[in-house]
Visitor: 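Before anything else, here's the structure in question.
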Amino acid sequence: MSEAKETLLTGLVALLLFAPLTGVSLEGYGLNSHWQNPFLLAGMAMIGRLLLGRLRGLRLPAGLAEYDWQTRLQRPILAVVVIAALIFPWLVGKYWLNVATLALIYVLLALGLNIVVGLAGLLDLGFVAFYAVGAYFYALGFKYLDLSFWIALPGGALLAGVCGMLLGFPVLRMHGDYLAIVTLGFGEIVRLVLNNWIDFTNGPNGVRAPFPSFFGLDFSRHPMPGKSSFHQFFNLPYSSIHKEIFLFFLLFIVVCGMVYFVRRLRRMPLGRAWEALREDEIACRALGINHVTVKLSAFGIGAMTGGIGGAFFAASQGFVNPTSFTFMESAHILAIVVLGGMGSTAGVIGAAVILTVLPEALRDFAEYRGLLFGCAMVMMMIWRPRGLLRSRRALFRREQRAC
Amino acid sequence: MTGHIFAQQAVNGLVLGSVYGLIAVGYTMVYGIIGMINFAHGEIYMIAAYLTAIFLAGLTLLGLQSPPLAILLVLAATIACTALYGWSVERIAYRPLRHANRLAPLISAIGISLILQNYVRLSQGARTQGIPSILDGGFHLFASGPDAFVRLTHAQLLIVVTAIISMFLLHFFIARTAMGRACRAVQQDRVMASLLGVNTDRVIAIVFVLGAGMAAVAGVLVTLNYGSFDFFIGFVAGIKAFTAAVLGGIGSLPGAMLGGVVLGLAESFFSGFVNTDYKDVFAFSLLVLVLIFKPSGLLGVPEVEKV
Amino acid sequence: MLTVRELCMRFGGVMALNRVGFDVAAGSVTALIGPNGAGKTTVFNCITGFYKASSGQIRLRGQTGEIDLIAILGEPLHVGDAWQPGKLAHKIYYKMFGGAHLATRAGVVRTFQNVRLFKEMTAMENLLVAQRHRVDWRPLSGLVQSRRFRRAEAAAVERGWYWLDFFGLGEDGNRLAGELPYGRQRRLEMARAMCVEPRLLCLDEPAAGLNPRETRELSGLIRQLRDRHGVTVCLIEHDMGLVMEISDHVVVLDHGQVIATGTPREVGEDPLVLEAYLGISGEEAA
């Protein structure tokens, strides 16, 4: 088919697709007309089709794709990022500090999901369930058992990990796609239970979660009698931003630990086994690797990270309710992992920061967030399924004496 | 009295199950032919619900008064337009990934699902929409007193009858026509079928079109019956229909319908006799349990791994 | 070393294997031959635990006694098992944790007809994955890089280099497996199997797609594996030249049944075999 003909056909199909849904909108039982919309969209589809035809065969310049960004620039970039993170909280106000804390939570979650999806190749669509487990464990643990953050953090992680293992064990021995739908269902189950079990979780009204203490010192202006608070102990004037800064640094340390963990993992037998499972499960079994337990470990560690992220989320918001744990949240984290280039740590961190800060900076972006995430996911899969940068592999040298 | 409640729940469950079955057909056919879960299928159903309302409003504006004619026209238009959506989704998001690794089409499907949801939200608004009820009335069965009867509305009857007719048409298409034979051939062995001159790309496209068409029937019927919908209905309907497909044995057409009816009945009895709030939790738990204990479903054949 | 008795495999109504029985002697090279569709790969899949045989016995004899390769895949539970708690516990354990990997751990390692490498990983990483018994799996010692971890890792890498050199892949250690030329991928797959330290190495059409020179090299390598490393080899092969040259013992399958066994010479003169097999692909054998 000639290009012109195909472009026209694209336009025609696009017009038929867009006409009923964008050309009119439901208003009560009647219709409002926006007749120009379908034509605009169909025109865009035609232009897109033409551009695609032109771009086909065009690749990234070889030098750019082959250039080893990660080795050359690793140290300077790492230094810049750490210094920026250390200075940042002192320069900005409470609002942006909160945004940054949220971004770090997403970095943590995305690194956790990246282990599951990027390294082990298991599609987990209910990641938010483990996030919810961590958050609610802290909030409910405080409400009923008076648990402190420092107990709830490992406790929530452990509980989330156990949930992940219990869910994963039966499912992971089956065909890979089933895991995706079961986790999707599990995510909904958790949200529905949190929403409907009003006696225990307070339903849609949510539960309060207190702020973590600084090694036993709390951040209130007027502490309980007999206890001293942070600003009194360090002889500082009271400021409400202290606790936000504290949380930011705490989270920063956890994220750094996580980055180190993931980097080491890729050179450890466990991490290698995950990647091998992603590449070829049957070959792994033929090499004596128990695919179920190895997958389970990836799934469990991912779930634990989700639990940690959840506890931090509850602490930073001071309050949790089920609306924070919808499927859209799972999709958001998955989009970060996919756009960051599955498997690449640096890419995932970058994507997490950008995708969390952008909606705050641009209100319009937030409105179109879901649409753009969806488009980006499809396009990444079609054009660069392994991410924008190819991840660097470990190099092995021969021992000198072996010769 | 309990007998009536029981019978009423059975009727409701049958109606619900017919809808699940219609949507499940799309999952099961796509899975049978290319071995992937089409996550965007629930959204196709959601789009059909919107199209139903839009076409109905359009016909009312044009002054069409007769309900049967309106329903027929809306059904035809919605099926055509939804099928086009199904075809486009396959063409844009799945066909380029036919030889990619296992994860790519799944993620692409999630992407399409997000796109369709947000596309409808942006163009039609986030609020719940509705249509005027055009199918009133119904029958009172087994009436033995002023409150003791089983209610079967006209809309419910329409759902069951239409579902049965659609399934028969689909079965006829698959079993008797040349295209249906090609579909079965591709399902058996894609490489061999293509060597024998079957255009596998076209067969796969046909399967997506058929699946979307069946989902469209479900969308029209549900909208006529319940009257209200929003841009998020595809999500839950999608998971439940997938549950039905797995329950019946994924890859099997009669299995999809059977699974739908079983799931519909189970859900209906659960919400009637146990708890309404947790009926979705019950359905999802059923999915997990079936996958653990009988992954091949009621009518499916166990998968043999190709080494 | 390996004993197969009365092995049957049904797929739906099709009898893919019908009472197959043969032995593989320790230290031998045994070839499994037969026309396409005779069930050779199915036998392999049963031996290596990828298929659960419908009935029959597969036993592997080793230093530690006999291992039942069917039991470790998880057998169906019967009502009668309730009376034998020990047996039941065993069955449940293998149902939950059993599978092909246990066949490998028992010493049976295979390669695949259509090469299955970890394509996005380097050749050396492919070999390291195979040495699961040699490396230190504990996450903590890997995180802090304990001395034991580093020592185990170094030993595994050294072992990897040894096998890379053995198969003539010394230059390719840090290249992505998927980027290697086809012949090298085949050899890398064998190197990877050798890293598991198998007692019985099962090669599924190792010469498929290789040119004559590569095939000659391959036969030399297989012989070295047997003579120098004491590995028992069982292989499926269509290249009759290779089979006649290196195998000590040949098993001929046709329509899921063993029709002849013996030395290459004996089998080559068997009229049944000539009819079923060599008659079909006579030019291939020449």
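Since the structure is predicted, the reported quantities are computational estimates derived from the model, not experimental observations. Each chain gets a letter, A, B and so on, in the order its sequence line appears, and its residues count up from 1. Quick note: numbers below take in every heavy atom, side chains included, and nothing from hydrogens, waters or symmetry partners.
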Visitor: For Met377(A), run the side chain to side chain contact (heavy atoms under 4.5 Å, CB included) check against Ile110(B), Ile112(B), Ile115(B) and tell me which one passes.
Guide: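 Only match with Met377(A) under side chain to side chain contact (heavy atoms under 4.5 Å, CB included): Ile110(B).
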Visitor: Is atom CZ of Arg98(B) surrounded by more than 12 heavy atoms (other residues, nucleotides or ligands) closer than 6.0 Å?
Guide: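 Yes.
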Visitor: Contact part of Pro132(B) toward chain A, heavy-atom cut-off under 4.5 Å: side chain, backbone, both or neither?
Guide: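 Pro132(B) touches chain A through backbone and side-chain heavy atoms alike.
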Visitor: Shorter than 4.5 Å, heavy atoms on both sides: which option in Ile382(A), Val182(A), Leu372(A) has the most such pairs with chain B?
Guide: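 Most pairs with chain B among the choices: Ile382(A).
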Visitor: Could you check Gln129(B) against Glu27(A) for side chain to side chain contact (heavy atoms under 4.5 Å, CB included), going step by step and ending with a plain yes or no?
Guide: CA-CA 8 Å; Gln129(B) 306 273 10; Glu27(A) 180 67 47; over 6 Å; no
Visitor: Chain B: which of Gly30(A), Ala14(A), Ala376(A), Cys375(A) shares the most heavy-atom pairs with it under 4.5 Å?
Guide: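 Maximum pair count with chain B is reached by Cys375(A).
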Visitor: Mind listing the side-chain donor-acceptor pairs of residues 44-55 of chain B below 3.5 Å, one per line with the distance, residues two or more places apart or on another chain?
Guide:
| unit_1 | atom_1 | unit_2 | atom_2 | d |
| --- | --- | --- | --- | --- |
| Tyr50(B) | OH | Phe231(B) | N | 3.2 |
| Thr52(B) | OG1 | Ala48(B) | O | 2.7 |

Visitor: Kindly indicate whether the side chain of Phe373(A), heavy atoms from C-beta on, has any atom under 4.5 Å from the side chain of Asn118(B).
Guide: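 Side chain of Phe373(A) against side chain of Asn118(B), heavy atoms only: no contact under 4.5 Å found.
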Visitor: Are Phe284(B) and Phe186(A) an aromatic pair, judged by ring center distance below 6.0 Å?
Guide: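 That pair fails the under 6.0 Å test.
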Visitor: Hey, does the side chain of Glu188(A) reach the backbone of Val281(B) with a donor-acceptor pair shorter than 3.5 angstrom?
Guide: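 No; judged by distance alone, with no hydrogens or angles, the pair does not exist.
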Visitor: When only pairs under 4.5 Å are counted, which of Val120(B), Val246(B), Leu97(B) shares the most heavy-atom pairs with chain A?
Guide: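 Looking at each option in turn, the highest pair count goes to Leu97(B).
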Visitor: Does any N or O in the side chain of Arg102(B) come within less than 3.5 Å of the main-chain N or O of Gly121(A), such that one atom is a donor and the other an acceptor?
Guide: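 Flag set: sc Arg102(B) to bb Gly121(A) pair under 3.5 Å.
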Visitor: So, for Val378(A) and Ser108(B), which heavy atoms are closest and what is the spacing to 0.1 Å?
Guide: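 Nearest heavy atoms, Val378(A) then Ser108(B): CG2-O, 3.5 Å.
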Visitor: By a 4.5 Å heavy-atom criterion (distance strictly below it), what part of Ile37(B) contacts chain A: side chain, backbone, both, or neither?
Guide: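 Interface part for Ile37(B): both.
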Visitor: Please classify the contact of Val117(A) with chain B as side chain, backbone, both or neither, using a heavy-atom distance under 4.5 Å.
Guide: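 Contact with chain B: backbone and side chain both.
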Visitor: Select, from Val288(B), Asp280(B), Ile131(B), the one with the greatest count of heavy-atom pairs under 4.5 Å involving chain A.
Guide: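 Ranked by heavy-atom pairs under 4.5 Å with chain A, first place is Ile131(B).
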Visitor: What's the spacing between Arg278(A) CZ and Leu103(B) CG if we round to 0.5 Å?
Guide: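 With rounding to 0.5 Å, CZ (Arg278(A)) is 9.5 Å from CG (Leu103(B)).
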Visitor: If I measure from the heavy atoms of chain A, does Leu61(B) come under 4.5 Å with its side chain, its backbone, both, or neither?
Guide: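 Just the side chain, heavy atoms under 4.5 Å.
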Visitor: Okay, side chain of Asn196(A), backbone of Asp277(B): is any donor-acceptor separation there less than 3.5 Å?
Guide: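 Yes; at least one donor-acceptor contact below 3.5 Å.
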Visitor: Quick one: CD1 on Ile239(B) to CG on Leu184(A), what's the gap to the nearest 0.5 Å?
Guide: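 Answer rounded to 0.5 Å: 4.0 Å.
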Visitor: For a side chain to side chain contact (heavy atoms under 4.5 Å, CB included) check, start with the C-alpha distance between Tyr85(B) and Leu21(A), then their side-chain angles and the critical distance, and finish with the verdict.
Guide: CA-CA 11 Å; Tyr85(B) 268 95; Leu21(A) 280 169; 3.4 Å; yes
Visitor: Let me know if Arg91(B) has heavy atoms under 4.5 Å from chain A in its side chain, its backbone, both or neither.
Guide: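 When you check distances to chain A, no heavy atom of Arg91(B) falls under 4.5 Å.
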Visitor: Counting heavy-atom pairs under 4.5 Å with chain B, which one of Ile181(A), Val24(A), Leu31(A) comes out on top?
Guide: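 Maximum pair count with chain B is reached by Ile181(A).
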Visitor: Using non-hydrogen atoms and a 4.5 Å limit, figure out which bit of Leu125(A) sits close to chain B: side chain, backbone, both or neither.
Guide: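 Side chain only.
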Visitor: Identify which part of Phe242(B) has an atom lying under 4.5 Å from any heavy atom of chain A, answering side chain, backbone, both or neither.
Guide: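 The side chain, not the backbone.
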Visitor: Heavy-atom cut-off 4.5 Å, strictly under: side chain, backbone, both or neither for Thr60(B) against chain A?
Guide: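 For Thr60(B), no heavy atom lies under 4.5 Å from chain A.
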Visitor: Name the region of Phe282(B), side chain, backbone, both or neither, that has any atom closer than 4.5 Å to a heavy atom of chain A.
Guide: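 Answer is neither: Phe282(B) stays 4.5 Å or more from chain A.
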Visitor: For Leu114(B) and Met328(A), what are the C-alpha separation, side-chain angles and deciding distance, and is it a side chain to side chain contact (heavy atoms under 4.5 Å, CB included)?
Guide: CA-CA 9 Å; Leu114(B) 284 177; Met328(A) 192 54 212; 3.9 Å; yes
Visitor: Could you look at Phe169(A) and say if it's the side chain, the backbone, both or neither that has a heavy atom under 4.5 Å from chain B?
Guide: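 Contact with chain B: none, neither part.
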Visitor: To the closest 0.5 Å, what do you measure between CG (Leu192(A)) and OH (Tyr278(B))?
Guide: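 It is 9.0 Å, given to the nearest 0.5 Å.
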Visitor: Heavy-atom distances under 4.5 Å only: say whether Ala100(B) touches chain A with side chain, backbone, both or neither.
Guide: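 No part of it gets close to chain A.
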Visitor: Would you name the heavy atoms of Leu17(A) and Ser88(B) that are closest together and state the gap between them?
Guide: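 Taking Leu17(A) first and Ser88(B) second, the nearest heavy atoms are CD1-OG, 3.3 Å.
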Visitor: Would you mind reporting whether Thr22(A) and Gln124(B) have side-chain heavy atoms less than 4.5 Å apart?
Guide: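 No; the side chains remain at least 4.5 Å from each other.
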Visitor: So which part of Glu367(A) gets closer than 4.5 Å to some heavy atom of chain B, the side chain, the backbone, both or neither?
Guide: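 When you check distances to chain B, atoms from both the backbone and side chain of Glu367(A) fall under 4.5 Å.
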Visitor: Below 30° counts as parallel, above 60° as perpendicular, anything between as tilted: where do the rings of Tyr178(A) and Tyr31(B) land?
Guide: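 Parallel: the ring planes of Tyr178(A) and Tyr31(B) meet at under 30°.
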Visitor: Between Gln117(B) and Leu371(A) (side chain of the first, backbone of the second, donor and acceptor by atom type, cut-off under 3.5 Å), is there such a pair?
Guide: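 No.
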Visitor: Below 4.5 Å from any heavy atom of chain A, which atoms of Thr82(B) appear? Answer side chain, backbone, both or neither.
Guide: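 When you check distances to chain A, no heavy atom of Thr82(B) falls under 4.5 Å.
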Visitor: Mind running side chain to side chain contact (heavy atoms under 4.5 Å, CB included) on Cys81(B) and Leu16(A) for me, showing each step along the way?
Guide: CA-CA 7 Å; Cys81(B) 196; Leu16(A) 283 174; over 6 Å; no
